[in-house]
There are 2 protein chains.
Amino acid sequence: MKQKIELSPQCKGQIRAIGDTMELLGGKWKIKIIGTLLLNGTMRFMELKRAVEGIAPKKLSKDLQELELNELITRTVKETKPITVEYELTPHGRTLENLINEAMNWGILHRNHILK
Amino acid sequence: MKQKIELSPQCKGQIRAIGDTMELLGGKWKIKIIGTLLLNGTMRFMELKRAVEGIAPKKLSKDLQELELNELITRTVKETKPITVEYELTPHGRTLENLINEAMNWGILHRNHILK
DNA sequence: AATAATGGTTTCCTTTAGGAAACTAGTTTC
DNA sequence: GAAACTAGTTTCCTAAAGGAAACCATTATT
């Protein structure tokens with residue numbers, strides 16, 4: 001008879017950690033927004049909208065709110081002539097740098113792979 | 001007047017690479033499936049179903065098909081007593097190791113962060 | 001003969017994600 | 001006074017993701 005293969009608790013914890021990460025960064029846009037902020041530093045709403053190609057203002061607004069709730073970015077209203085709003089990664093948000101770089105590198109690697 | 005901030009083409013390419021990666025690994029389960037295969041090596045369908053907690057057989061089947069189409073895993077039918085099917089990462093699939101490890105590490109880091 | 005394990009598929013349903021377009025409101029430039 | 005830029009919100013809609021439960025065919029065990 002086949003022995004039951006049960007994953008170790010440690011292993012299950014690791015898989016759960018992957019799930020936690022994907023819950024925060026899943027979806028089409030969030031990780032792109034963070035990547036853009038990593039590459040450009042502080043950005044305003046319209047700058048982000050232009051930089052993250054194809055995103056609708058509603059989606060950008062919603063994702064920014066969720067990222068702020070998760071303490072990955074900050075939102076700062078500047079009392080300038082026309083009011084402006086600045087978005088910036090928090091120190092915690094900046095800890096995503098390695099992950100984002102890996103996602104970039106693998107995307108390029110995969111592109112080369114499918115081009116044979 | 002504010003100067004127009006236009007991202008460099010190189011920068012846009014990097015953001016697009018992130019999008020490519022997320023297109024393949026997006027969703028709730030794919031990256032967990034790959035992480036499980038990384039930690040355990042070759043696995044059969046029911047083993048995966050037990051290891052990836054909560055996944056429905058339909059979803060597992062569908063995601064495995066998509067991962068196979070993208071050349072990240074192989075599916076091998078073994079002509080054993082009751083027929084068994086083995087899933088395994090391809091060499092290309094194994095190049096996701098760094099990314100998966102980063103996703104694990106960050107998930108743990110984030111858990112510690114929100115627990116203060 | 002019944003039960004359980006293999007690897008799935010089928011059906012039905014709900015939820016979520018996401019997109020297009022229009023709109024708001026304040027400020028500033030033409 | 002009209003147009004444009006700021007940062008969004010609102011409404012309406014479609015498509016995709018995902019879950020629950022039942023089912024199927026084969027083989028092996030009790």
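Side chains are part of it too, since the values below use all heavy atoms of this structure and drop only hydrogens, waters and symmetry mates. The chains referred to below are lettered A, B, ... by the order of the sequence lines, with proteins before strands, and numbering in each begins at 1.
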Listed pairs under 3.5 Å, donor-acceptor, residues 61-68 of chain B side chains, sequence neighbours left out:
| from | atom 1 | to | atom 2 | distance (Å) |
| --- | --- | --- | --- | --- |
| B:D63 | OD1 | B:K59 | NZ | 3.2 |
| B:D63 | OD2 | B:K59 | NZ | 3.1 |
| B:E66 | OE1 | B:K30 | NZ | 2.8 |

Legend entry - Nearest-Å distance for atom pair CZ/P, residues A:F45 and C:dG26: 18 Å
Legend entry - Strand-adjacent residues in residues 12-32 of chain A, judged by heavy atoms under 4.0 Å from DNA chain D: none
Inset, instruction - Five pairs at each end of the helix from C:dA1-D:dT30 to C:dC30-D:dG1: take the axis at both ends and give me the angle between them to 10°. - result: 10°
Inset, instruction - Apply salt bridge (charged side-chain N to carboxylate O under 4.0 Å, His left out) to A:K49 and list each qualifying residue two or more places apart in sequence or on a separate chain. - result: none
Legend entry - Pairs touching residues 20-29 of chain A that satisfy salt bridge (charged side-chain N to carboxylate O under 4.0 Å, His left out), sequence neighbours left out: A:D20-B:R111
Legend entry - side chain to side chain contact (heavy atoms under 4.5 Å, CB included) between B:L48 and B:L37, worked out: CA-CA 8 Å; B:L48 272 168; B:L37 286 171; 4.2 Å; yes
Legend entry - Pairing residues for B:E53 by the salt bridge (charged side-chain N to carboxylate O under 4.0 Å, His left out) criterion, not counting sequence neighbours: A:K12
For a quick test of your reading: what N or O donor-acceptor pairs under 3.5 Å do the side chains of residues 85-92 of chain A make, sequence neighbours left out?
| from | atom 1 | to | atom 2 | distance (Å) |
| --- | --- | --- | --- | --- |
| A:Y87 | OH | A:R75 | NE | 3.3 |
| A:E88 | OE2 | A:T42 | OG1 | 3.4 |
| A:T90 | OG1 | A:E71 | O | 2.7 |
| A:T90 | OG1 | A:L72 | O | 3.2 |
| A:T90 | OG1 | A:H92 | N | 3.3 |
| A:T90 | OG1 | A:G93 | N | 2.9 |
| A:H92 | NE2 | B:H110 | ND1 | 2.8 |

Inset, instruction - Compare side-chain N and O positions of A:R75 against OP1 and OP2 of D:dG8 and report whether any pair is under 4.0 Å apart. - result: yes
Inset, instruction - Specify the separation, in whole Å, of atom NZ of B:K49 and atom C1' of C:dA4. - result: 14 Å
Inset, instruction - Go through the steps for B:W29 and B:L60 under the test side chain to side chain contact (heavy atoms under 4.5 Å, CB included), then give the verdict. - result: CA-CA 8 Å; B:W29 301 107; B:L60 179 55; over 6 Å; no
Legend entry - Residue pair A:C11, B:N40: steps toward the side chain to side chain contact (heavy atoms under 4.5 Å, CB included) verdict: CA-CA 9 Å; A:C11 180; B:N40 294 276; 4.2 Å; yes
Legend entry - Pair B:R50 + B:E47: basic N to acidic O under 4.0 Å: no
Inset, instruction - Go through the steps for A:M22 and B:M22 under the test side chain to side chain contact (heavy atoms under 4.5 Å, CB included), then give the verdict. - result: CA-CA 10 Å; A:M22 294 312 284; B:M22 295 310 285; 3.5 Å; yes
Legend entry - Proximity to DNA chain C (any heavy atom under 4.0 Å), residues of residues 57-66 of chain B only: B:P57, B:K58, B:S61, B:Q65
Legend entry - Distance, rounded to the nearest Å, where A:I55 contributes CD1 and C:dG18 contributes C1': 10 Å
Hey, can you pull the donor-acceptor pairs under 3.5 Å for the side chains in residues 99-106 of chain A, sequence neighbours left out?
| from | atom 1 | to | atom 2 | distance (Å) |
| --- | --- | --- | --- | --- |
| A:N101 | ND2 | A:E97 | O | 3.4 |
| A:N105 | ND2 | A:N101 | O | 3.3 |
| A:W106 | NE1 | B:T95 | OG1 | 2.9 |

Got a list of protein N/O to nucleotides 27-30 of chain D N/O distances below 3.5 Å?
| from | atom 1 | to | atom 2 | distance (Å) |
| --- | --- | --- | --- | --- |
| D:dT27 | O3' | B:K81 | O | 3.4 |

Legend entry - Nucleotide C:dA5, atom P - distance to CZ of B:R44 in whole Å: 12 Å
When the side chains of residues 77-84 of chain B are checked against the rest of the protein, which donor-acceptor pairs come out under 3.5 Å, sequence neighbours left out?
| from | atom 1 | to | atom 2 | distance (Å) |
| --- | --- | --- | --- | --- |
| B:T80 | OG1 | B:P82 | O | 2.8 |
| B:T80 | OG1 | B:T84 | N | 3.3 |
| B:T80 | OG1 | B:T84 | OG1 | 3.0 |

Inset, instruction - Can you sort out the partners of B:A17 under side-chain contact (heavy atoms from CB on, under 4.5 Å), two or more places apart, ordered by chain and number? - result: A:I108
